[in-house]
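Presented below is the structure to which this report refers.
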Amino acid sequence: MRLYVLGSGSRGNCLAVETDHTAILLDAGFSAREIERRAELAGLDLARVAGIALTHEHADHACGAPRLAQRLRVPILTAPGTWDRLASGMGRTAHQAIGLRVVVELGPFRVEACSTSHDAADPVALAVRIGDGTGVGVAYDLGRPTAAVRYLLQNLTALVLEANHDEVQLRTSGYPPAVRRRIAGSGGHLSNRAAAELLAELHHPGLTVVVLAHLSQRCNSAADARATVAPALRRVGFGGALHVAAQDVPLPPIDVIAPGRMQLGLALGL
Ligand SMILES: [Zn+2]
Ligand SMILES: [Zn+2]
């Protein structure tokens with residue numbers, strides 16, 4: 001399984017997971033054209049995309065979805081309330097509902113979702129698994145990690161988790177108090193410290209990839225997010241790769257391999 005992080009932040013989010021020549025996009029928060037440009041830069045063939053799953057309707061997660069779904073002729077997967085907001089702009093694009101206890105199969109992927117605490121119509125976190133048990137979880141725009149989110153994100157091989165702001169930088173950011181309250185509140189965004197705590201809790205021997213995402217440009221930096229999260233992961237014995245998503249450029253593709261298979265790969269010299 002391969003994870004593409006085409007970009008993440010308050011100005012756009014787009015990820016993709018690929019296996020066996022099939023891919024699924026997770027959020028499409030750049031223009032269709034920009035997603036095409038970034039996919040090419042990252043080496044992702046969009047012709048392989050079988051569907052687009054959206055976490056919620058905010059523009060930084062969904063703005064490119066209508067056009068891209070039409071161009072690629074693929075369905076859109078969202079929670080029902082998100083589709084209510086988006087349907088009028090979607091033309092004849094097909095829709096599949098995702099949610100708790102609903103497992104949608106899309107080619108080789110099994111897509112599950114659960115509600116998140118965020119100020120959108122029907123926001124969700126996502127988990128995408130394939131037949132060998134490898135899986136990627138995505139949770140951002142997360143006011144607080146609920147029990148449902150903790151449950152959904154268990155036992156995944158890779159986690160893409162929001163590390164939005166440094167709490168001190170947010171307090172001294174110059175944002176008006178109401179904006180600061182919204183960001184730090186239960187409908188807002190997860191801080192570096194909260195991300196570190198959640199990751200330490202979710203850690204298990206099969207977790208090999210962590211990507212910190214949706215960093216605030218004003219109240220965070222890649223170095224600050226890493227400095228908070230890396231020690232927390234080290235303390236619980238995480239031996240995998242820690243990446244930080246960027247807003248403006250895609251990350252190089254990330255191989256997501258279950259630990260048992262990694263050892264087999266090393267033994268075979270792969
Ligand atoms: Zn967002
Ligand atoms: Zn949002």
Side-chain angles (χ1 to χ4, degrees), residues 3-16 25-32 34-35 38 52-66 68 76-87 89 98-99 113-128 136-146 148-149 152-153 159-167 169-170 173 175 178-192 194-195 198 211-222 225 243-251:
L3 170 66
Y4 295 86
V5 181
L6 298 187
S8 181
S10 60
R11 288 185 288 111
N13 295 273
C14 185
L15 313 166
L25 282 188
L26 308 177
D27 279 343
F30 301 100
S31 70
E34 177 66 9
I35 290 171
R38 289 180 184 230
I52 303 172
L54 302 177
T55 57
H56 63 297
E57 76 279 12
H58 287 163
D60 60 317
H61 297 264
C63 71
L68 201 60
I76 291 199
L77 287 64
T78 69
T82 302
W83 187 249
D84 288 347
R85 293 290 175 90
L86 293 172
I98 51 174
C114 80
S115 296
T116 57
S117 168
H118 182 57
D119 55 4
D122 197 359
V124 293
L126 298 168
V128 179
V136 173
V138 178
Y140 41 33
D141 288 48
L142 208 60
R144 60 194 163 79
T146 57
V149 168
L152 181 78
L153 298 183
L159 289 172
V160 180
L161 185 69
E162 174 168 59
N164 179 258
H165 56 275
D166 173 89
E167 289 170 7
Q169 287 178 49
L170 178 63
S173 61
Y175 278 133
V179 175
R180 294 206 306 268
R181 273 198 299 276
R182 192 212 143 235
I183 293 171
S186 64
H189 295 275
L190 221 58
S191 70
N192 293 342
L198 181 58
V211 181
L212 303 178
H214 217 300
L215 270 67
S216 161
Q217 300 219 297
R218 187 150 158 185
C219 308
N220 209 356
S221 70
H243 303 267
V244 183
Q247 176 71 87
D248 294 323
V249 289
L251 298 185

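Whatever order the structure lists them in is the order used to number ligands and atoms, beginning at 1. If you read the sequence from its start, that first residue is 1, and numbering goes on from there.
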Can you tell if the side chain of His118 reaches within under 4.5 Å of the side chain of Leu142, non-hydrogen atoms only? no
Can you confirm whether Asn13 sits close enough to Ser8 that some side-chain heavy atom of one is under 4.5 Å from a side-chain heavy atom of the other? yes
Just by distance, no angles: are the side chains of Asn164 and Tyr140 close enough, under 3.5 Å, to form a donor-acceptor pair? no
Verify whether one side chain among Asp122 and Thr82 offers a donor that lies under 3.5 Å from an acceptor in the other. no
Assess His56: does it contribute an N, O or S atom lying under 2.8 Å from the Zn ion (ligand 1)? no
Determine which of the N, O or S atoms in His58 is closest to the Zn ion (ligand 2) and give its atom name. ND1
Minimum-distance N/O/S atom that Asp141 presents toward the Zn ion (ligand 2): OD2
Please determine if the Zn ion (ligand 2) has an N/O/S atom from His61 lying under 2.8 Å away. no
State whether Asp119 contributes an N/O/S atom found under 2.8 Å from the Zn ion (ligand 2). no
Are His214 and His165, when compared by the centres of their aromatic rings, separated by less than 6.0 Å? no
The atom of Asp60 among N, O or S that is nearest the Zn ion (ligand 1) is OD2
